[in-house]
Amino acid sequence: MEKPATRNDPTLPAPPDAITYDPGTVERKWQRIWKDRETNSTDLQGATKPFYALMMFPYPSAEGLHVGNLFAFTGNDIYGRFQRLMGHNVFEPLGYDAFGIHSENYALKVGKHPADLIPQNIANFRRQLEQAGLMVDWRYTLSTTHPDYYKWTQWIFLQLLNRGLAYKKQAAVNWCPTDKTVLANEQVVGGVCERCRTPVEQRSLEQWFFRISDYAPRLLANLDHIDWSESTKTAQRNWLGRSDGAEISFAATGVGPGGAYEIPVFTTRPDTIFGASYLVLAPEHPLVDSLTQPAERKKVEKYRERTKKQDIVTRKTSTDKTGVFTGSYAMNPATRKRIPIWVADYVLMEYGTGAIMGVPGHDARDFEFASEFRLPIVRVVCGEREDAETPLTEAYTECDLGTMVNSGPLDGLSVDDAKRRIVEILAEQGAAKAVVNYRLHDWCISRQRYWGPPIPVIYCDSCGMVQVPEKDLPVVLPMVEDFKPDDSGVSPLARHEEWYRVACPECGKMGRRETDVSDTFLDSAWYFLRYPSVGHDDVPFEKNITKKWLPVNSYIGGNEHAVLHLLYSRFITMVLHDAGHLDFEEPYTRFRAHGHIIREGAKMSKTQGNIVVPDEYIEAWGADAFRTYLMFLGPYEQGGDFRDQSISGTRRFLDRLFASAQAMSDDGDPDPAVMRKLHQTIRKVGDDIPRLSYNTAVAAMMEYMNVLRKGERTPHHDEVLPMITLVSPFAPHLAEELWEQTGGEGSVFDGGWPAFDPALAAEEYIELVVQVNGKVRAKIAVPPDIDQQAAVAAAMADATVARFAVGAPKKIVFVSGRLLNIVV
RNA sequence: GCGGAAGUGGCGGAAUUGGUAGACGCGCUGGACUUAGGAUCCAGUGGAGCAAUCCGUGGGGGUUCGAGUCCCCCCUUUCGCACCA
């Protein structure tokens with residue numbers, strides 16, 4: 001494999017010496033002018049055609065802006081600038097997602113305070129972002145760490161609390177022993193902490209949760225009518241994990257007083273109930289004690305202890321089946337037979353009812369379990385090639401062609417019919433009902449860390465848990481030097497009595513603040529609501545402004561947020577809608593996921609030393625060439641491969657445009673052939689940008705420049721001027737410079753998109769492809785509206801065609817304006 | 001294992017609905033200009049063949065006048081999810 005170039009590699013292409021313009025000078029000039037003239041400021045109140053172009057805000061890392069950030073922002077900026085040229089009032093804000101473990105860990109590592117580091121990082125980011133030439137309205141920037149912002153993050157928490165959507169419970173949580181904090185399920189990847197790769201442990205702590213699972217049906221249903229990337233919708237659907245099935249009650253005899261229990265189980269295959277030969281409870285199931293016979297008690301207790309200690313990695317990744325028999329039995333309501341009740345850790349308490357019916361014949365996991373413990377395996381479904389007696393060597397899980405057997409009243413039915421029928425039958429006895437389950441768990445939002453918004457509640461000995469009144473918000477995160485997390489399971493804030501000791505807002509007695517802070521994902525779940533209302537310090541989002549600017553028209557971001565941020569922000573928006581604060585319930589009308597950039601075929605990483613540092617490329621080639629190259633190197637929604645050598649091509653393209661603008665004259669008339677290509681290009685670029693096909697838009701402009709420069713001729717004004725606007729979303733500085741040079745008023749971005757004239761774009765002659773028996777034999781120049789008869793005549797005049805098309809044609813296929821196929 | 005996306009020249013990638021495969025760019029080859037060229041400009045560039053022509057979009061079948069595109073089987077890469085009943 002080719003050795004990836006390092007950033008200090010001497011083979012890094014040097015900028016051309018014989019440049020025709022100096023991007024450094026031009027870009028600095030226009031960045032200054034944009035600031036002076038407030039070119040990028042949007043009149044939020046007065047806008048008549050508002051268009052909100054949102055990009056995912058970055059975490060301001062100490063390393064500075066990553067090329068991935070710039071790829072994302074540039075893609076959004078081009079879209080925003082294009083919408084402005086189409087006559088919209090475009091609002092393109094950008095802020096910083098600066099709270100969270102990432103910042104805090106970095107601060108701990110370098111021995112500084114995050115409150116000191118973040119402003120430095122933000123200043124550096126701002127410098128880099130301005131260099132990149134983004135059309136950002138910096139008057140409306142925000143940082144999630146600013147009390148003016150997180151005051152409202154806390155307010156949102158209270159809205160959920162008021163609506164019963166925030167609750168506290170003792171929970172087995174994912175605990176990262178390195179970061180010393182609780183992680184959301186989403187932050188545990190393959191059993192390890194997504195941040196530091198440490199295996200995650202199970203711990204039982206008091207945690208705050210949001211009832212996002214209550215919203216699962218709506219979160220799922222709405223996906224059908226929002227304009228989002230399909231890949232993102234699919235990821236959300238999978239994450240929500242809807243399962244249609246049934247809850248079936250099994251009557252059991254246990255050991256307690258009375259001794260009779262009902263064990264509800266969830267299954268998506270109620271049709272297989274005649275094959276249910278045992279029940280399994282999760283080790284944490286509340287009925288385990290009551291169902292364990294004295295003789296088995298010791299064994300069961302031991303097993304439960306073991307699974308309790310077991311870390312999530314082992315529990316969730318091991319496929320070895322373990323379990324113990326409780327000594328008790330339940331009755332299968334379909335077969336009326338007695339079946340044993342087991343406890344096993346392959347059944348999870350969090351999903352369904354925490355209990356299952358074991359159908360080893362038709363579930364791979366149950367098959368393994370039954371094989372291990374010699375439980376009966378019964379066939380109740382057979383495919384086309386089996387019958388009721390065919391032995392099972394593995395679980396038969398196919399449904400499509402299955403027919404029921406050994407199933408009493410269900411025999412002969414298809415799987416789907418049997419599913420419905422058995423639920424009807426059992427429902428009559430009150431033993432079953434159809435239910436829908438979701439994989440989505442409630443959102444654990446508390447963090448035992450320092451660098452986040454304190455959760456705004458106070459605990460009082462007399463009044464219990466009391467909300468911090470709205471007038472007392474924000475609960476300001478105190479500036480403390482000692483913020484290192486420890487192993488105690490409580491936040492570092494719990495070590496600062498001077499902060500957490502506070503009078504109860506209800507009774508005035510001394511109480512204690514909640515010392516946990518909230519998840520960073522809560523900060524980012526509503527930031528888009530805040531941007532247009534920055535400056536309105538008395539409300540989270542001002543009513544009229546919000547009505548005018550939201551929901552977001554276009555949101556572009558990474559698909560790594562397909563299930564975290566994008567789901568949480570939808571949830572928070574729905575809650576605020578239900579609480580009457582918003583009149584829409586989906587935050588982003590359109591969302592597109594961009595791809596990711598790799599470098600010379602390999603993932604960029606610090607250890608490999610193949611990180612693309614934007615500053616270096618902007619310095620060497622100019623922001624315009626860099627932007628254009630990023631958009632050209634691959635399809636935007638797929639990402640692409642950054643090749644150092646290739647950037648020279650886009651730079652050459654811009655130089656040539658500059659040179660043509662210097663050379664052009666208004667003598668005589670424009671060349672009709674060039675004008676034809678120009679108008680085809682206007683149409684192509686205008687079609688490509690809205691669908692984010694930036695690479696082909698750039699290619700089309702390059703093609704046009706090749707046509708324009710063909711031959712020794714002086715380009716005409718009319719051939720060059722529209723090109724300045726076409727390129728402007730990609731290369732805004734150069735476009736402004738040329739716009740000014742060629743007598744344009746104000747900003748090129750207020751000059752409108754060039755008008756497309758179909759008459760000028762129409763071809764005088766087209767190249768008709770002539771095939772004989774489906775093979776291309778000639779290409780002939782004909783008028784575009786030629787009819788079949790004339791086309792055949794013209795084709796037969798071609799020597800090659802005549803040579804192959806001998807005899808009477810069997811069939812003629814004529815696609816007007818495109819192709820003629822003579823079949824002989 | 002389940003789900004998504006994708007396999008096209010030396011390389012990154014084009015090819016809105018089945019209709020010229022390889023646009024555009026990099027690289028490479030030759031030339032011009034030049035003290036010089038890693039600048040700029042011009043020409044060429046999928047493979048084989050002197051040519052006519054033939055072969056070519058991961059592999060194998062199929063549908064069609066015509067398949068990179070549609071259908072079936074297989075292989076590979078990649079990204080999610082993963083004991084979710």
Side-chain angles (χ1 to χ4, degrees), chain A residues 2 11 13-20 189-191 230-235 237-239 241 243 245 265-269 272 280 315-321 344-348 350-353 355-359 362-366 368-369 397 437-441 559-560 562-563 595-596 600-601 629 632-635 637-638 640-650 652-653 655-656 659 687-688 691 693 695-703 705-706 709 767-776 778-779 800 803 809-813 815 818-824:
Chain A
E2 202 182 342
T11 63
D17 323 331
I19 46 169
T20 51
V189 177
E230 266 320 302
S231 60
T232 312
K233 286 194 194 182
T234 305
R237 286 193 184 103
N238 291 343
W239 192 259
S243 285
V265 306
F266 175 72
T267 178
T268 53
R269 296 292 305 276
T272 63
V280 188
R315 169 132 187 211
K316 292 220 162 174
T317 55
S318 136
T319 50
D320 295 343
K321 294 290 175 289
D345 67 357
Y346 83 95
V347 175
L348 308 175
E350 313 94 78
Y351 187 75
T353 60
I356 61 150
M357 59 181 199
V359 186
H362 305 282
D363 180 280
R365 296 152 300 177
D366 294 346
E368 267 178 60
F369 188 79
T397 54
N437 256 307
Y438 291 87
R439 211 186 67 106
L440 181 72
H441 300 310
N559 223 9
E560 66 273 15
V563 288
H596 288 278
E600 314 268 341
Y629 177 58
F632 179 62
L633 55 69
E637 291 179 81
Q638 281 165 47
D641 194 0
F642 193 99
R643 304 249 157 190
D644 281 332
Q645 287 176 323
S646 301
I647 193 173
S648 59
T650 49
R652 233 188 311 267
F653 159 66
D655 277 337
R656 287 167 177 175
D687 285 350
D688 281 354
R691 51 191 191 95
S693 189
N695 57 333
T696 55
V698 174
M701 291 188 285
M702 287 174 165
E703 252 185 89
M705 286 309 294
N706 291 342
R709 294 174 346 103
E767 198 174 60
L768 186 76
V769 174
V770 182
Q771 299 181 334
V772 179
N773 293 339
K775 288 201 185 224
V776 178
K779 295 160 190 180
T800 313
R803 187 148 50 83
K810 282 192 208 126
K811 186 172 180 180
I812 305 267
V813 180
V815 182
R818 281 207 160 213
L819 165 141
L820 175 72
N821 188 8
I822 302 169
V823 185
V824 292

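Source: prediction; values computed, not measured. So you know, we letter chains A, B, ... as the sequences are listed, proteins then strands, and number each from 1.
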query = Checking all strands, does N706(A) fall into the base, sugar-phosphate, or nothing category for heavy-atom contacts under 4.0 angstrom?
reply = sugar-phosphate

query = Between G25(B), C83(B), A85(B), which nucleotide gets closest to the side-chain atoms of D345(A)?
reply = C83(B)

ask   = Nucleotide by nucleotide, 5' to 3', does protein get under 4.0 Å of the base (B), only the sugar-phosphate (S), or neither (-) in nucleotides 42-55 of chain B, counting heavy atoms?
value = SS--------SSSS

message = Counting Watson-Crick and G-U wobble pairs with both distances under 3.5 Å, what is the dot-bracket string for RNA chain B, 5' to 3', using [ ] for crossing pairs and | for pairs to another strand?
response = (((((((..(((......[....)))((((((.......))))))(((....)))..(((((..]....))))))))))))....

message = With rounding to the closest Å, how many angstrom separate the C1' atoms on G22(B) and A32(B)?
response = 29 Å

request  = Spell out, as yes or no, whether a donor-acceptor pair under 3.5 Å connects the side chain of Y629(A) to the backbone of G649(A).
outcome  = no

message = At under 4.0 Å between heavy atoms, how does the protein contact nucleotides 27-33 of chain B? Give one character per nucleotide, 5' to 3', with B, S or -.
response = S------

ask   = How should the glycosidic conformation of G62(B) be described, syn or anti, under the criterion that syn lies within 90° of 0?
value = anti

inquiry  = Can you work out whether D687(A) or Y438(A) has the more 5'-proximal nearest nucleotide on RNA chain B?
reply    = D687(A)

ask   = Which whole number of Å gives the distance between the C1' atom of C28(B) and that of G9(B)?
value = 12 Å

query = For R691(A), does the CZ atom sit with more than 12 other heavy atoms under 6.0 Å from it, leaving out its own atoms?
reply = yes

request  = Flag the pair L633(A) / D641(A) as yes when at least one side-chain heavy-atom distance between them is below 4.5 Å, and no otherwise.
outcome  = no

remark   = S231(A) has its side chain closest, among C24(B), A85(B), G4(B), to G4(B)

inquiry  = Given the ring of F369(A), does K321(A) sit roughly above its face, with NZ or CZ under 6.0 Å from the centre of the six-membered ring and within 45° of the axis?
reply    = no

inquiry  = What is the distance, to the nearest angstrom, from the CZ atom on F266(A) to the P atom on A85(B)?
reply    = 6 Å

message = Can you measure N238(A) atom CG to A5(B) atom C1' for me and round it to whole angstrom units?
response = 13 Å

query = Is the side chain of N437(A) donor-acceptor paired with the backbone N or O of S243(A) at a distance under 3.5 Å, no angle test?
reply = no

request  = Please state whether the phosphate of A82(B), meaning OP1 or OP2, lies under 4.0 angstrom from any side-chain nitrogen or oxygen of R439(A).
outcome  = yes

Kindly give the atom pairs (protein nitrogen or oxygen, nucleotide nitrogen or oxygen) under 3.5 Å for nucleotides 17-23 of chain B.
unit_1	atom_1	unit_2	atom_2	d
G19(B)	N2	Q771(A)	OE1	3.3
U20(B)	O2	K779(A)	NZ	2.9
U20(B)	N3	E767(A)	OE1	3.0
A23(B)	O2'	E703(A)	OE2	3.0

Atom pair distance, as rounded to whole Å: CG in L440(A) and P in C81(B) = 14 Å

query = Can you tell me how far P in A67(B) sits from the matching atom in G62(B), rounded to whole Å?
reply = 13 Å

ask   = Looking only at atom C1', what distance separates A21(B) and G68(B), rounded to whole Å?
value = 7 Å

inquiry  = Over all strands shown, is T650(A) touching base, sugar-phosphate only, or nothing at heavy-atom distances under 4.0 angstrom?
reply    = nothing

ask   = When you compare G58(B) with A23(B), how far apart are their C1' atoms, in angstrom units rounded to a whole number?
value = 23 Å

ask   = Under the ring pair (Phe, Tyr, Trp, His ring centres under 6.0 Å) test, which residues partner F653(A), sequence neighbours left out?
value = none

Point-to-point distance, once rounded to the nearest 0.5 Å, from CE of M702(A) to CZ of F632(A) = 4.0 Å

task = Could you measure between the two P atoms, the one in A52(B) and the one in A36(B), and give it in whole Å?
result = 40 Å

remark   = Judged by nearest nucleotide, the residue sitting upstream toward the 5' end of RNA chain B, G352(A) or V823(A), is V823(A)

request  = Taking atom P in both G19(B) and A39(B), compute the distance separating them and give it to the nearest angstrom.
outcome  = 39 Å

request  = Measure from the side-chain heavy atoms of K321(A) and tell me the nearest of C24(B), C65(B), C83(B).
outcome  = C83(B)

ask   = Do the side chains of T272(A) and M357(A) get nearer than 4.5 Å, heavy atoms only?
value = yes

Nearest-angstrom distance, C1' atom, U76(B) to G25(B) = 28 Å

D687(A): partners by salt bridge (Lys or Arg N to Asp or Glu O under 4.0 Å), with sequence neighbours left out = none

